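Read the structure below first, then the notes.
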Number of protein chains: 2
Amino acid sequence: MALRNALMAALLDGEASGYDLAKGFDASVANYWTATPQQLYRELDRMEDEGLVAARVVEQERRPNKRLFSLTAAGRAALHAYTAEPPARPTAIRDELLVKVRCLDDGDSAAVRAAIAERVALATDKLARYERLRTRLLAGRTEEDFLAGADRVGPYLTLLRGMAFERENLHWGELALDVLDRRAAR
Amino acid sequence: MALRNALMAALLDGEASGYDLAKGFDASVANYWTATPQQLYRELDRMEDEGLVAARVVEQERRPNKRLFSLTAAGRAALHAYTAEPPARPTAIRDELLVKVRCLDDGDSAAVRAAIAERVALATDKLARYERLRTRLLAGRTEEDFLAGADRVGPYLTLLRGMAFERENLHWGELALDVLDRRAAR
DNA sequence: AGCACTTATTCAACTTGTTGAGTATGAAGA
DNA sequence: TCTTCATACTCAACAAGTTGAATAAGTGCT
């Protein structure tokens, strides 16, 4: 019952197909929710049954048909009600890399080092993508102007959180690599 | 098959009961893995069946008996093998607060504001707890000395990541509150 | 005396999330 | 031409995670 809120939040930006959402989850909502495509399709079908979203089929000539989903009035109301609910469970994080780092001293430290390096590379990419998204959202305004005057600041605020997260991944990863290298050279 | 790795990582610190782990998950492993007590008990039982951990029953006079689990040689080997595996799936985050913030402009902004404020308070607490843990781990050494010379740096490195995460929660939350207040006063 | 809280765990039912495969079409590059 | 990639889904099976209740004994507070 929680994935649906993330989906409805994504649909506030306008109608989208399951496929759009599955792909785009990485760019827009990804920094605080993850889901596989199968999960999205299943949940969207259920939400349609319950009247939270409406689908319209778009026939395409040179591609498979697609179903575009949009929020219904009931969906909008449900989302509004959701924002008013008392703060539910706190952040859930599951990070395999940190599990590995935790047992680095009793494990294969070269492999863990490589995994950290990969994380650093991924964080760099993701940060760059988020930076482009940010530029697009700002559309020439300064951050200050935007935050003071824009119609909607929610998506920008969540983007900032995602950027901070990736920046930390980067910083921390570089520190960790440095520590491991120093210890290896010892 | 992933929770068990987190559990084994926690058992590297020494034997623990399911109850210890369930509680302590918040202090040690919590910053990168979460699980309910039921999940831990079930998984520990399975791991015992598979010989990854061994349990010994400790009879207690004024409390219920408890089963203390420790890593077996097979468990240690499995954990080592796990650290050598290619980097699996990336971080999964699920944060209801960010979902709410995302739809803040179409929702109950006062309630969302309150939820952010609560998050800020929680982050402050958690950061203080992590800071105490850090002091304990350092045991008088400077961070530099510790990282260069300690037997095990894994737990310290993961702690640093957790601290960075909570600091970001704090910073971001304060910024978000400020933005909302300015907009409300507009 | 009564109530809530902590320790320590178990059982059952349920909801979510993951994995793998399969279908169909067109476009782009070797 | 042949393979690979992108679009756009569906189905089935399974693994993981959540929720709620129950048990049992002691401790601390009013």
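Chain identifiers are assigned alphabetically (A, B, ...) following the order of the sequence lines, protein sequences preceding nucleic acid strands; residue numbering begins at 1 within each chain. Only a predicted model underlies this, so the values are computations on that prediction, with no experimental measurement involved.
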Seminar exercise, completed: Whole-Å distance, Leu40(A) CG to dG17(C) P, equals 10 Å
Exercise. With respect to the phosphate group of dT19(C), does any side-chain polar atom (N or O) of Thr36(A) fall under 4.0 Å of OP1 or OP2?
Worked result: no
Problem set entry | Phosphate-side-chain proximity, Arg94(B) and dT16(C), N/O vs OP1/OP2 below 4.0 Å | no
Exercise. Which part of the nucleic acid, if any, lies within contact of Gln38(B), taking any heavy atom under 4.0 Å across all strands shown: a base, the sugar-phosphate backbone alone, or nothing?
Worked result: base
Exercise. Given dT9(C), is OP1 or OP2 found less than 4.0 Å from the side-chain N or O atoms of Ser17(B)?
Worked result: yes
Exercise. Between Arg42(B) and dC11(C), is there a side-chain N or O to OP1/OP2 distance below 4.0 Å?
Worked result: no
For this session: Take the protein atom CZ of Arg46(B) and the nucleotide atom C1' of dG17(D), then report the distance between them rounded to whole Å.
Result: 11 Å
Exercise. Roughly how many Å is it from CG in Leu44(A) to C1' in dC9(D), rounded to a whole number?
Worked result: 12 Å
Exercise. Could you give the CD-to-P distance, from Gln39(A) to dA16(D), as a whole number of Å?
Worked result: 15 Å
Exercise. Relative to the ring of Phe165(A), is the ring of Phe165(B) parallel (under 30°), tilted (30 to 60°) or perpendicular (over 60°)?
Worked result: perpendicular
Seminar exercise, completed: note: Tyr41(A), atom OH; dT23(C), atom C1'; distance rounded to Å ~ 13 Å
Exercise. Does Tyr19(A) place a side-chain N or O at less than 4.0 Å from the phosphate oxygens OP1/OP2 of dT7(D)?
Worked result: yes
